[in-house]
Q: 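Below is a structure I'd like to ask you about.
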Number of protein chains: 4
Amino acid sequence: MYKKQKLLKVATKFFAAKGFEKTTTSQIAKSAGVTEPLLFYHFKSKNGIFEEIIKNILKDYFSRLDCLDQCTNSQFEKIEKLFWMNLDFIKDMPEECYIFTAICPSQIKNADHICIQNAVRLTQNLTSFVTGCIDEGIRNDEFHHHIRTKSTAKIIVKLLYGIMISSYPYKLDYLNDTVESSIEFCKRSLLKQHPD
Amino acid sequence: MYKKQKLLKVATKFFAAKGFEKTTTSQIAKSAGVTEPLLFYHFKSKNGIFEEIIKNILKDYFSRLDCLDQCTNSQFEKIEKLFWMNLDFIKDMPEECYIFTAICPSQIKNADHICIQNAVRLTQNLTSFVTGCIDEGIRNDEFHHHIRTKSTAKIIVKLLYGIMISSYPYKLDYLNDTVESSIEFCKRSLLKQHPD
Amino acid sequence: MYKKQKLLKVATKFFAAKGFEKTTTSQIAKSAGVTEPLLFYHFKSKNGIFEEIIKNILKDYFSRLDCLDQCTNSQFEKIEKLFWMNLDFIKDMPEECYIFTAICPSQIKNADHICIQNAVRLTQNLTSFVTGCIDEGIRNDEFHHHIRTKSTAKIIVKLLYGIMISSYPYKLDYLNDTVESSIEFCKRSLLKQHPD
Amino acid sequence: MYKKQKLLKVATKFFAAKGFEKTTTSQIAKSAGVTEPLLFYHFKSKNGIFEEIIKNILKDYFSRLDCLDQCTNSQFEKIEKLFWMNLDFIKDMPEECYIFTAICPSQIKNADHICIQNAVRLTQNLTSFVTGCIDEGIRNDEFHHHIRTKSTAKIIVKLLYGIMISSYPYKLDYLNDTVESSIEFCKRSLLKQHPD
DNA sequence: CATGAATGAGCGTTCATTCAT
DNA sequence: AATGAATGAACGCTCATTCAT
């Protein structure tokens, strides 16, 4: 079972570095120190191993998102924390993250693919999380009350994606800076009273 | 020479619909009503035709960006126009646009590739355009004067990219809405006096 | 593993009959009753299978040359035996032999190619074998003492090659006759006292 | 008509350097500064240009051989002159020479090919020239009278070929030395009274 | 004489995948 | 769980050659 993990790890590295098509099953197997048939024994196809990687990353991201929900601070603080959580995720799983945002979309075209479904679900969850924050923030007079909730939420989600998609390997300084500016940018756009 | 154009057109459709690797030179040729060797006669390789497509899109985008430069309105109006220009571009060349933002990054890994160079140049031009607007806007008291110019510009450029990358085929209503909200979002974040 | 041998055998036949370029990997595979990818599984390229053939023939020739060394007769007898050994080799491995002398030189142009290296080594070994015989023959008064050892040896080696290179398929009567005459020719040229 | 000569010249260089198959018509045309169709206009095929080269070399060699015939010296001197004529030829037309001896045999397999016919004719002419010399030399007591005329002639012709086939580009010092030694070698083998 | 455009035929090679063991 | 041997299906690309002009 330890070889299965090795295969997943190696495959992740390759997919992030070279894309799905340019990575061959033979490369993965050789790098993992096993033979190709073993790869097909553990995952039933090349797509199979790719999907397993995608599933793992989504499971992880969702669980982090669930934790956020429980914090009961001001609404903007929740959004702020979302940005930082997103950044932590990138730092913890850089390859997976890059695969998900940059490799995945260009590979998979049929709408019913498991990856698409999960990605859509992720976007929806993120959007509804942010929508919730904005709605509540307006209600309690924290945010401008003329903000169009839904589309504004989508824009913030786009920003989160935009940060993830910066090309791998990531430069951490740059990411930190981008997150900070994004938060400031949103703060000015959303908050009724901002410190300036 | 007309067959060369046909090949470019057909290849663009395929690359946008199926990605680079899943498109075969034989498909392109057959769909263009010519034989494969002709493809290799006009473009020297599969990569060659891909690069020509990328070059064309960049040339077009750059020329549109140059036109914008000449308008002499308020700074925010310039940024606003940039958003609409970006949208027009997407509407005019949807496939090329999708290829550039979604297919290209996952294909090319070596930093000295001609596409990468051009893409970097595009980002730089966009960023410096927006930076210029913000700097000037701060100077003439149009924008908040505590805005961090450079990083804020980068975020706006990320938004422009984010709109382009929405998966092809594009839903125009959705794009329009996204652009409008983005503009509002930026307006609130940048402008000192906004109408609300 | 038996199919690998089959492939080598069939490839040898084709290379001898049609040359390297006019032989296709598909022909080889089909004639060997296997699929093309298997050829590339066992040998990594068309060149790979060619090189393996060359290596085999050289190994064989060298081992025959080593046996000769051990005979302790008169020096001219050693040279004579070299001619007959050379002929035996042609009879035992006619295709390999023709490939080595006639096909190989026209195919390979870069001096560091493994075949070139081995061919050079073969020429050197042959030349030094003959040089040794002549030197010793002069010393023990068997040969004319004014013979230029090195260049004479080279000429004899050229004769050995010349016999091998006669175009395949070989006519054995002709070869026998050529070898006999060559020996006589050399005998008259080298020996101090010849029976005539 | 000057471009036709250019094409022949360039083609000769390529065939000598890379062999027949590895030389492409496109390379030849490009190097000659013309387009491919012109090559096919002047020579009707790739084989056509190759054959023209072969024909030229043979015409040249035959005419040199004819000149030799007219000299009326001692028989060994005639053979000696043949060796030097052969060397002059190599010096004058090194590429053509290499093509004829090393490239040609491995390319052409059907016995009725024009090149084969000419090559056979060349060998026959050479052999009959040498045979004539030996016969006459025996008759006038210049050579050993027990020499087997025909096979000895063949061996001398093989030596002439062997010198030509030394790999291109030729080292002239080496060639000179080889010719000298060959002559000495033959002298000892043929002449009744030699100076030693 | 000269060319730009076009093609039929085929080639070496790769790759995901399977099967017998 | 693990592998060596084997394959179907294709793919990018090349090359000698032709045709219309």
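Just so it is clear: chains get the letters A, B, ... in the order the sequence lines come, proteins before strands, and each one is counted from 1. Worth saying up front: this structure is predicted, and the values here are computed from it rather than measured.
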Q: Within the pair Lys3(D) and dA2(E), is there a side-chain N or O less than 4.0 Å away from OP1 or OP2?
A: yes
Q: To the nearest angstrom, how far is Phe15(A) atom CZ from dA16(E) atom P?
A: 9 Å
Q: Does a side-chain N or O from His42(B) land closer than 4.0 Å to OP1 or OP2 of dA6(E), or not?
A: yes
Q: Which comes earlier along DNA chain E counting from the 5' end, the contact point of Lys46(A) or that of Gln27(C), where each point is its nearest nucleotide?
A: Gln27(C)
Q: When you check the side-chain N and O atoms of Glu36(C) and Thr25(C), is any donor under 3.5 Å from an acceptor?
A: yes
Q: Grab the CZ-C1' distance between Phe14(A) and dC15(E) for me, whole Å please.
A: 15 Å
Q: Anything under 3.5 Å between a protein N or O and an N or O of nucleotides 8-10 of chain F, put it in a table, one pair a line.
A:
none

Q: Of the options dA16(E), dA6(E), dT14(E), whose atoms approach the side-chain atoms of Phe40(C) most closely?
A: dT14(E)
Q: Specify the separation, in whole Å, of atom NZ of Lys44(A) and atom C1' of dT17(E).
A: 14 Å
Q: Between Thr23(C) and Phe14(C), what is the shortest heavy-atom contact and its length?
A: OG1-O, 3.3 Å
Q: Ser26(D) or Gly33(A): which one's nearest nucleotide on DNA chain F is closer to the 5' end?
A: Gly33(A)
Q: Is the backbone of Glu21(A) close enough, under 3.5 Å, to the side chain of Lys22(B) for a donor and an acceptor to pair up by distance?
A: no
Q: In whole Å, what is the span from the CZ atom of Phe43(C) to the C1' atom of dA6(F)?
A: 14 Å
Q: Measuring from Glu96(D):CD to Leu8(D):CG, what's the distance to the nearest 0.5 Å?
A: 9.5 Å
Q: Which whole-number value in Å describes the distance from Leu38(A) CG to dA16(E) P?
A: 16 Å
Q: Hey, does the side chain of Thr25(A) come within less than 4.0 Å of dC15(E)'s phosphate (OP1/OP2), counting only N and O?
A: no
Q: Expressed as a whole number of angstroms, how long is the span from Leu7(D):CG to dT3(E):P?
A: 10 Å
Q: Is dT18(F) paired to anything, Watson-Crick or G-U wobble with both distances less than 3.5 Å, and if yes, which nucleotide?
A: dA5(E)
Q: Taking NZ from Lys4(B) and P from dG4(E), how many angstroms apart are they, rounded to a whole number?
A: 14 Å
Q: Which pair of heavy atoms, one from Ala11(D) and one from Ile49(D), lies closest together, and at what distance?
A: CB-CD1, 3.7 Å
Q: Between dA5(E) atom P and Lys6(B) atom NZ, what is the distance in whole Å?
A: 18 Å
Q: Does a side-chain N or O from Tyr41(C) land closer than 4.0 Å to OP1 or OP2 of dA6(F), or not?
A: no
Q: How many angstroms lie between atom OH of Tyr98(B) and atom OG1 of Thr101(B), to the nearest 0.5 angstrom?
A: 7.5 Å
Q: Could you tell me whether Lys4(A) sits above the aromatic face of Phe43(A), with NZ or CZ closer than 6.0 angstrom to the six-membered ring centre and within 45 degrees of the axis?
A: yes
